[in-house]
Amino acid sequence: MSIVPGTMTTTSPDGDIVGVNMPIATVVDLRPSSSSPPQRHQLQHQQASPTNLRTYRGGFTSSICSIFTDPTRRQDCCAVACCGVLASDRTRYLLTGERPPPLWRRLVMYLIVPALFLAAMNYFAVEVQFDENGVDGSSSSNYNPYGEGDDSSKTTTRKVAPLPLTLAFYAYLILLTAYGIVHKQSLRKEIMTRLYEERTRARGEEVSDIQLKAFIQRHQLDIGRAHYCCSCCYASDESFLEESGIGAESSFGNGREGTEVEEDFCTSLWKCLSNTFWNVCCGCWCQCWSICALAQEEREAERLTGNQTYTMDYVTFQPYSEYYPSIQALKDNGVTSLWKHMQAISELSLKLLKNVAAVIVVLILFALSDVDANFNFENMIVLLLTLVQAFFIEWLVHWKYCRFDLSFDSVVKYFACGFLLTTPMAVLFEGIISTLTSLIGGFVVVFIFASDDDIAREVQADPTKAIKDFVVKYQGFFVFNVFINSFVVAALCEELVKYFGYWMVVVPDLLPQEQRVNLASRNTTDASNTEESEEDLDTNQNNQLQPRKSAVSTGNAITVAMVSVALGFACCENLIYIFVYSPPSLGMEISTLLARSFFPVHPLCAAIQSIGVCKRDLEGNRKFGLGRILSPAVLLHGSFDFVLMLAAYYQQRETIIEGNDDDGNGAGSDSEGEATKEVDLAAQLPSLIAGFVFVIIGIVYYVVESRKQSRRLMSMDNAARDQSSLLV
């Protein structure tokens, strides 16, 4: 049980702000014991010291607009990852004790059933002929209205799925979306009910069901708008405060009124975008997949239940105190057996490892069945080699040198986060930015075509030749486009989501010293309520402070954690490049794997990021915000991509000038094709060498900065050791 002090700005029974601060305290059982099933958490209220909390629309104590305004808050990243499913599950569990549905049910609902629909649509699809205008020409393919011979060469054949199956597939997707929206709206209604009850009891009044129902009914529209798929009509909390006659010092409530929060790169960027496109343009708050509402609800649930410090895992909701003592015991005893460390893991890590093993077995059986000619046992070997490459680097970075700095359990969680969560986030962010840049580039291209008479005439006569001339003539446009794609779309987005992947995973190894010591001593302390003398208490406290983790060890743990996220991300990206982007050829798959293995840019950039994180979190240098943490990694990553993309553009440009492009004068012989491949490899060699040079520069930079930081952290450890010896 824990008591969390706080106050609420009270409201009248109809929900209007009155402005009276009433002291309250929340007494809550954070989690049911492992021997009893989860039960609904009950809230009780007692007197405590008052604090000032503003009330926003719906009675929340933090604004829906405050996402990404506090760099120290982890919930915002969790609300973005996986469409906020993990954050919503945790919020519901904290409030009601209700566990999410099992993984197999979600896989059936969201993966297997849609896959079966797509397979059936492909199996029952029929071939339909379309003319060059996209009109069904199957009934009149032999008819030429101009009488100029057969025009069948202008028709194309496409496979079209049956209309009933297509309609059923889209209806199922709409049904899933509606189910998710209703499920999340019910949770928001539950939170608002708790907030209303809390305010009413704080005034010493009884909760009236009629007034509660009227309050929920009055905010029904806000509840619905908060969880639309793409909501652009949720009224801003700031306008609500102004209409209520309460001014706000900032347009963004951070949920921590009375404290100043230092802004970093992400905070400033988010504030600039939101002020520019939302508050100014329409006065409403725009969100996609209700990520802002989910983050607001998670903040509120933690305040209501007193669980403002992380004490349990996501997904399984297993408390750290159930598995961390055994992990700490292995560290204290210096156990070097990998099998022993694999046994001392959490339920979440065990589920992740079991699912990985099950997926690999299924893929092996699928490859042996020869159902798909493009994925046989040889392709499965390439897939396993891709995983082995990532696991080998993980073993080298973690187990060989830092096995006692970060537990095996934590490494599994960080790697899984990089593989499963950060990759979809990167695809989403890159898709949004690529769409915006493509729209801007499209307007620029239209302007160039309109101002260049030669190209304008070629567009009307031969559009293909006009495009080629545009590629050859306007080098500056394409160089700038390559710069944006390499430094912004690829480097900035990917480095940002990798940092988010590290930041939103909380593990016991990186908790503050006091919390970690308390968790490690849970299995040795007696849970009875016997009184202890003051001397015994002092002795117990001194013993708890003895196993202090050094700054060097913590720095190593941060580095391994960030590299693990990057390795999970890189492993998933390698699989996409090998089996999606590469042609269905075993030789191309192997060459792609080898090429990407020789350039470990993602783990290298993550290691460089860890230097800035250690400066901020361990050395206490508050000047190192997110911008300074990401800058070296973005510069290295962007330069590497820029060289490769720029070389690819100039290679294509030279091919067009020489007339050897795809639309050239016919196809050459096999010997000419092999010679062209040799020329392509020779043309790519300088860019590969330049990329390798950038990787070497990154390694040298990391080694130099890491050694400097190690010396500073060792000095901090020596100073702490001297201070503790003086106290003794």
Side-chain angles (χ1 to χ4, degrees), residues 265 386 389-390 393 397 418 422-423 425-427 429-430 433-434 437 478-502 559 562-578 580-582 591-612 626-653 680-706:
F265 169 76
T386 306
Q389 181 256 356
I393 299 178
V397 172
T422 60
T423 305
M425 289 171 60
V427 172
F429 291 153
E430 289 180 356
I433 297 179
S434 297
T437 56
F478 286 94
V479 171
F480 181 75
N481 185 58
V482 167
F483 176 84
I484 294 297
N485 285 330
S486 58
F487 281 92
V488 179
V489 177
L492 180 60
C493 287
E494 293 177 1
E495 297 306 319
L496 188 62
V497 298
K498 285 190 296 184
Y499 173 83
F500 282 168
Y502 157 75
T559 301
M562 300 191 75
V563 170
S564 299
V565 174
L567 284 172
F569 177 84
C571 182
C572 186
E573 187 182 58
N574 290 345
L575 292 175
I576 294 174
Y577 273 94
I578 292 172
V580 177
Y581 294 155
S582 299
S591 61
T592 303
L593 174 61
L594 292 176
R596 297 188 66 83
S597 300
F598 282 126
F599 300 102
V601 177
H602 286 300
L604 177 59
C605 290
I608 293 174
Q609 282 191 41
S610 68
I611 296 175
L626 185 58
R628 297 187 66 177
I629 291 174
L630 296 180
S631 295
V634 171
L635 182 61
L636 174 62
H637 191 168
S639 300
F640 177 83
D641 289 347
F642 181 76
V643 169
L644 298 182
M645 292 181 184
L646 190 65
Y649 161 69
Y650 276 106
Q651 182 180 356
Q652 182 65 25
R653 182 175 178 272
D680 291 342
L681 293 175
Q684 293 176 1
L685 186 60
S687 63
L688 295 177
I689 294 176
F692 184 75
V693 169
F694 277 112
V695 172
I696 296 299
I697 292 174
I699 294 175
V700 172
Y701 173 82
Y702 169 73
V703 170
V704 172
E705 293 296 323
S706 178

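Interatomic distance, Ile608 CD1 to Tyr702 OH, rounded to the nearest 0.5 Å: 9.0 Å. Distance check: Ser564 OG to Ile393 CD1 gives 11.0 Å after rounding to the nearest 0.5 Å. Here Ser631 contributes atom OG and Leu492 contributes atom CG; the two are 9.5 Å apart, rounded to the nearest 0.5 Å. Here the CD1-CE distance, from Ile484 to Met645, works out to 11.5 Å after rounding to the nearest 0.5 Å. A distance of 6.5 Å separates CD1 of Ile578 from OG1 of Thr592, quoted to the nearest 0.5 Å. In this structure, Phe569 CZ and Met425 CE are separated by 10.5 Å, a value rounded to the nearest 0.5 Å.
The two atoms that bring Leu636 and Gly698 nearest to each other are CD2-CA, 3.8 Å, heavy atoms only. Here the closest heavy-atom approach between residue His637 and residue Cys605 is recorded as CB-SG, 3.9 Å. Residue Cys571 comes nearest to Ala390 through the heavy atom pair CB-CB, 3.9 Å, listed as atom of the first residue, atom of the second, then distance. The minimum heavy-atom distance between Ser610 and Thr559, with the atom names listed, is OG-OG1, 3.2 Å. Considering every non-hydrogen atom in both Val489 and Ser434, the closest pair reads CG1-OG, 3.3 Å. Of all non-hydrogen atoms in Glu494 and Glu573, the two that sit nearest each other are OE2-OE2, 3.4 Å.
Side-chain N or O atoms of Thr386 include none that pairs as donor or acceptor with a backbone N or O of Leu575 at under 3.5 Å.
Between Gln609 and Leu630, some side-chain heavy-atom pair lies under the 4.5 Å cut-off. Side-chain atoms of Val695 and Phe640, non-hydrogen and from C-beta on, do get closer than 4.5 Å to each other. Considering only heavy atoms from C-beta on, Met562 stays 4.5 Å or farther from Lys498 through its side chain. Side-chain contact between Asp641 and Val601 is absent, with no heavy-atom pair separated by less than 4.5 Å. For the pair Phe694 and Leu644, the minimum side-chain heavy-atom distance is 4.5 Å or more. Annotation: side chain of Phe487 is in contact with side chain of Ser639 (closest heavy-atom distance under 4.5 Å). Between Cys493 and Ile433 there is a side-chain heavy-atom pair separated by less than 4.5 Å. A 4.5 Å side-chain heavy-atom check between Asn481 and Thr437 finds every atom pair outside the cut-off.
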- Apply the test side chain to side chain contact (heavy atoms under 4.5 Å, CB included) to residues Thr423 and Val497: give CA-CA distance (whole Å), side-chain angles for both, the deciding distance (0.1 Å), then the verdict. CA-CA 8 Å; Thr423 305; Val497 298; over 6 Å; no

- Item | side chain to side chain contact (heavy atoms under 4.5 Å, CB included) evaluation trace for Phe692 with Ile697 | CA-CA 9 Å; Phe692 184 75; Ile697 292 174; over 6 Å; no

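In this pair, Phe483 and Phe480 present their aromatic rings parallel. The plane angle is below 30°, not in the 30 to 60° band.
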